[in-house]
Amino acid sequence: MQNILKKLDLTDYIESFSKLLAREKSIILEGDINLHFKLINELSRYDINEPKKVENLDNQLVHLQKQGILKVYEIYEFIKIIKYFNYLKRFNFEGKLQEWIDKIIIPSEINSVCDYFDEKSNLKHGVNDDFDRVNEAIKKNKEQIKQSLYKSINNSNLRTYLVDSQVHYVNGEECLLVRGGFNHVLKASVLDRSNSGFFYVLPHSVSSLKQAQNDLVNKKEEILLKVCKDISSTFEKNLMFLKFINKEFDRFDHYQARIFFAKIDDKNFILPSKKKENKLVKFSHPALHDPKPISIDFTKSVVMITGVNAGGKTMMLKSILSAVFLSKYLLPYKASKETVIGSFKNINAVLDDPQSVKNDISTFAGRMVEFSKLFSAKNAIVGVDEIELGTDSDEAASLFKVIIEDLMKRDIKVIITTHHKRLAALMASNDDVELIAALYDEENQKPTYDFLQGTIGKSYAFETASRYGIPQNVIKKAKEVYGEDKDRLNELIQRSSDLEREYKLKIAKLDDEIENMQRLSRNLKEQKETLDDQIYSEKSKLHKEYKDARDEAKKAIKAKLVKEGHQHLNISHKKASEIETKKVVDPVELKVGDRVKYRNTKGTLISIKGKKAFIENDMGMKVQVKLEDLQRSGNPPKIKTPPKKATVNVQKPDSGHVKLDLHGQRSDEAVDNLDKFLSDALIAGFDEVLVYHGIGTGKLSYAVKKFLDSHPKVKAYTDAHPSQGGFGAKVIKL
C-alpha cells in the first residue's frame, strides 16, 4: 500500500485523511462497497458529532478471553465506544442506516457499567461505598497536611529560619524552605537543598500524615482493582458482543471520517462502475497546489501520452491511476460528478528506474521483471512512465508493441507515456488505442499543460533546452545533426496536431449549431400544432354561428311564407355546405410505430386499414380514427409508472443475545431451537455465538455437532473456554 501511495504522490493526502479517524487503522473499508456508499450518503444528511479518539482494543479483547483484568483506562476505552453508539441511537435514521443501527443491541449489564464513570474516566460517587469513604478520607488528610504546614510557618520560633512563607513542592512532596540551624526549633527530614544552600524540609508532624495518606491511596487502589475485576468479569461474559461492537465502531469511524474529509474543499465520492466507460472530468491531483483540472477519456484498452517534455505527461498518468485508487477505496477527491471510473482489482504503477547498486540490475532488465508480473494479473490497470526507458527505442518499440497487444487480450488496461514516436506510430492503427498529445505554446515557448486526444505529440526537445539555458549555437548545431528530414517530420506531426485541434473545435461548434437547429425545429413544430388547433377551433365557432343564423332565417321565412326567401335560403345552405372545417396540414406518410396526434390526444400508431387507423393513446386506450385526421407528433410518450414490486421483509430478531442454552431439551427440539437461533444471529449481524448443550449422555452434544456440520452458514465451531462451559458448550463462527 505505502509503495503505490508513494509512486502516485498520495502519501500526504492519505495521511491527512487518516488524522480524521478516531483510531489508527488501515484505510481499506472491507465489505460491499455499494452498501458502504449508500450508508455514507444517508449518514451525510445528519449533523453528527465525531467520535472521541479511541485506542486499539485488540490486545484487551485477547486479555479478556484469557480471563485477565483490565485497567481503568482500558475499561473506559470500551465505554467510550458504548456511549457513542447510545448517542447514535437517539437519531431518527432511515433506510439501511436505521437497519444497521438497530442490529446493535447493547446488553443492559454493559450499559450499567457505562454509568460507573464520568467524562474524565473517574469512578463516580455512589458506585462503591468503600471507594467513596477512602476518597473522603484522602481529602480530609490533605487538608490536615495543609493546616500542619501553615501552622509550622506561623510558629514564631521557626520564623527566623524560614527563607519565605510559602509551601514548596519537591519530588511531589509539600515542604518548607529553611536556613541552616533549623533543627534547634523544628524536627524535620531534609528532602533536598536549593542552589543558594537552603534546605527543603518536611516536618515530622506532616510525615505521619503523609504516611496515612499513602496508606489511604493504597487502599483506594485495592478497591479500584476489585471494581475493575468485577467489570472485567462482566465484559468477559459479553466478550462476543464487545468484539462485534468494536468492529462496528471501526466501520462507523470509516464512514464518518470520509464524510468529514469530503466536506474539506468540497470533494466528491466517485463509486467504481461496472460500465466499460472510463473518463476523468475536471480532476485535480491532491499533490499539486492550484492545479489545472484534467479531463480525459481513457475508455480504450491502451492510452498513449506523447508530446512536449515537462508538459504534464507523468502527472496525467499519475492522475488516472490516483483516481482509480481513490475510487477503489471509496475516498473522496476533487473531480466532477460526471467522472466515471471502472472497477479494477489491481493497480500497478511502473514509474521508477529500477537500477541501483542494491538491486544489481539494469534499467531495462528491471522493466522486464516488472512487465513479466503483468501476464498473470487479472482485471488490472497498469501505468508505465517512459516505457522505452533503458534500451534502444526502435528495438523496444517492436517488443513493447507485442507485449501491449498481448496484455490487451488479457483485458488489462495500460496507460503509457513516451517521448519516442516509433511505438506510437506502430500502435496508432489499433482501434482500441487512444493517442493523447501534451500541447506546447510555440508563441510563448512553454508547455500549456493541455492535452489533445487523437494525435501524436511533438517532444520540443530543442525548445525545452533553449528555455532552460542551453546556448543557441549548441542548439543550432544539434538541429543540423538531427537532420532536415526528421525536422520536417516533426513539422508534419505539429501540423497534424494543429489540424486535429482545429477539426475538434469545428466539430464542437457544428454540434452546438445542430443542437440549436433541432431545438428551433421542435419549437416551430409545437407552434404549428398550437396554431392548427386555434384555426380549427375558430372555424368550428364560425360554422356554428352561421348555422344559428340560418335557422333563424328559416323561422322568418316560415312565418311570412315568402317564395323568394326560400330561394335565398337554398343558396345560403349550398354555400354553408361548401365550408370545410378540417385542419390545414402538410401531407405526411405515416407508418406503424410513429408517434401521432389526434385532436387533443397523443399516442402511437399501431395499425392501418385503408383510410382508417388504430392508435394507442398514452393512457393505454386503443382508438379507431380516420387516417387523414392524424398528425405526426415528436413529443415522447408519458412515462408510465411501473407497478410496485412485491418486497419481502425479514423481521429482525427480538433479542440481541449471542448465547443459547439447550439444557434439558430433546434432540429434535434442541435442533429446531438451534436452527432458529442461528437464523436470528445471522440477521442480527453476529459472526460468533455461544451454545450450551451440556455433557450428560452425549446424545444432545452429538445432535448439535451433526447439525452444525451440515449448516451452510457455519464456518467453524470449537469447544468453549472452561469459564464459558468447556466441553458442554460450543463457540460457533458464522
Side-chain angles (χ1 to χ4, degrees), residues 1 3-8 10 28 33 270-280 283 294 296-306 313-329 339-354 363-391 395-418 420 422-436 451 453-454 456:
M1 177 71 76
N3 187 34
I4 188 70
L5 291 178
K6 184 178 179 181
K7 287 183 176 182
L8 301 181
L10 290 175
I28 298 173
I33 192 171
I270 307 297
L271 186 68
S273 169
K274 295 294 183 183
K275 298 178 181 178
K276 293 295 183 182
E277 185 181 9
N278 282 280
K279 63 177 181 179
L280 281 182
F283 174 83
I294 290 174
I296 181 174
D297 189 316
F298 60 104
T299 301
K300 293 184 178 181
S301 294
V302 176
V303 176
M304 300 196 68
I305 308 170
T306 60
K313 298 191 299 299
T314 300
M315 189 49 68
M316 168 70 83
L317 171 64
K318 290 183 178 182
S319 294
I320 294 172
L321 296 183
S322 295
V324 172
F325 177 89
L326 295 172
S327 291
K328 178 179 175 66
Y329 295 110
T339 295
V340 181
I341 300 294
S343 179
F344 297 95
K345 185 176 181 181
N346 297 305
I347 303 170
N348 300 80
V350 185
L351 307 179
D352 304 322
D353 187 345
T363 297
F364 182 70
R367 281 292 172 91
M368 290 299 98
V369 170
E370 291 175 313
F371 267 91
S372 66
K373 298 174 184 177
L374 302 179
F375 289 94
S376 59
K378 293 182 180 179
N379 189 23
I381 182 170
V382 181
V384 187
D385 192 28
E386 302 295 345
I387 189 169
E388 292 142 330
L389 188 67
T391 190
E395 290 183 10
S398 303
L399 175 63
F400 283 121
K401 176 183 184 296
V402 178
I403 290 176
I404 292 168
E405 288 175 343
D406 192 277
L407 294 176
M408 290 168 66
K409 294 176 182 177
R410 299 170 188 267
D411 197 26
I412 295 176
K413 188 177 290 292
V414 186
I415 317 296
I416 297 165
T417 70
T418 180
H420 304 291
R422 172 69 174 161
L423 178 60
L426 288 174
M427 301 296 297
S429 60
N430 193 315
D431 292 336
D432 212 12
V433 174
E434 184 71 67
L435 297 175
I436 298 177
F451 297 86
Q453 294 193 212
I456 300 173

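For the numbers below, each heavy atom of this structure counts, side chains included, while hydrogens, waters and symmetry mates do not.
- Taken to the nearest 0.5 Å, the CG atom of Asn379 stands 10.5 Å off from the NZ atom of Lys413.
- The two atoms that bring Lys7 and Glu370 nearest to each other are NZ-OE2, 4.5 Å, heavy atoms only.
- In plain terms, the two heavy atoms of Lys276 and Thr299 that are nearest each other are O-CG2, 3.3 Å.
- Closest heavy-atom contact between Pro272 and Gly342: CB-O, 4.0 Å.
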Identify each donor-acceptor pair in which a side-chain atom of residues 315-324 lies under 3.5 Å from a protein atom, sequence neighbours left out, and give them as a table.
unit_1: Lys318; atom_1: NZ; unit_2: Asp9; atom_2: OD2; d: 2.9
unit_1: Ser319; atom_1: OG; unit_2: Met315; atom_2: O; d: 2.7
unit_1: Ser322; atom_1: OG; unit_2: His285; atom_2: NE2; d: 3.2
unit_1: Ser322; atom_1: OG; unit_2: Lys318; atom_2: O; d: 2.6

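- Looking only at side-chain heavy atoms (C-beta outward), Lys373 and Asn348 stay at 4.5 Å or farther from each other.
- Counting only heavy atoms from C-beta outward, the side chains of Val414 and Leu374 never approach each other to under 4.5 Å.
- Here the rule is side-chain contact (heavy atoms from CB on, under 4.5 Å) with Ile270, and of Thr339, Val340, Leu326 only Thr339 fits it.
- A side-chain contact (heavy atoms from CB on, under 4.5 Å) with Phe344 is found for one member of Val382, Asn278, Ile412 and no other, namely Asn278.
- Between the side chain of Lys274 and the backbone N or O of Ser343 there is no donor-acceptor pair closer than 3.5 Å.
- Atom CD1 of Ile294 sits about 7.5 Å away from atom CG of Leu280, to the nearest 0.5 Å.
- Considering only residues two or more places apart in sequence or on other chains, Asp406 meets the side chain to side chain contact (heavy atoms under 4.5 Å, CB included) condition with Phe375, Arg410.
- Ionic pairing of Lys409 and Glu405 is not present here: no N-O contact between side-chain nitrogen and carboxylate oxygen is shorter than 4.0 angstrom.
- When every heavy atom of Asp432 is checked against every heavy atom of Ser301, the shortest pair comes out as OD2-OG, 2.5 Å.
- In this structure, Phe298 and Ile436 have side chains that are not in contact, with every pair of non-hydrogen atoms separated by 4.5 Å or more.
- Atoms CG and CD1, on Leu10 and Ile4 in that order, are 8.5 Å from each other to the nearest 0.5 Å.
- A heavy-atom distance below 4.5 Å is found between the side chains of Leu5 and Phe325.
- Of all heavy-atom pairs between Thr417 and Glu386, the closest is OG1-N, 2.9 Å.
- The two residues Met304 and Val302 make their nearest non-hydrogen contact at CG-CG1, 3.9 Å.
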Original post:
Does the pair Ile404 and Ile416 meet the rule for a side chain to side chain contact (heavy atoms under 4.5 Å, CB included), with working shown?
Top reply: CA-CA 10 Å; Ile404 292 168; Ile416 297 165; 3.2 Å; yes
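- Here CE of Met368 is found 5.0 Å from CG of Leu399. Values are rounded to the nearest 0.5 Å.
- Every salt bridge (charged side-chain N to carboxylate O under 4.0 Å, His left out) that Lys279 has, sequence neighbours left out, goes to Glu277.
- Rounded to the nearest 0.5 Å, atoms CG (Leu271) and CD1 (Ile341) are 11.0 Å apart.
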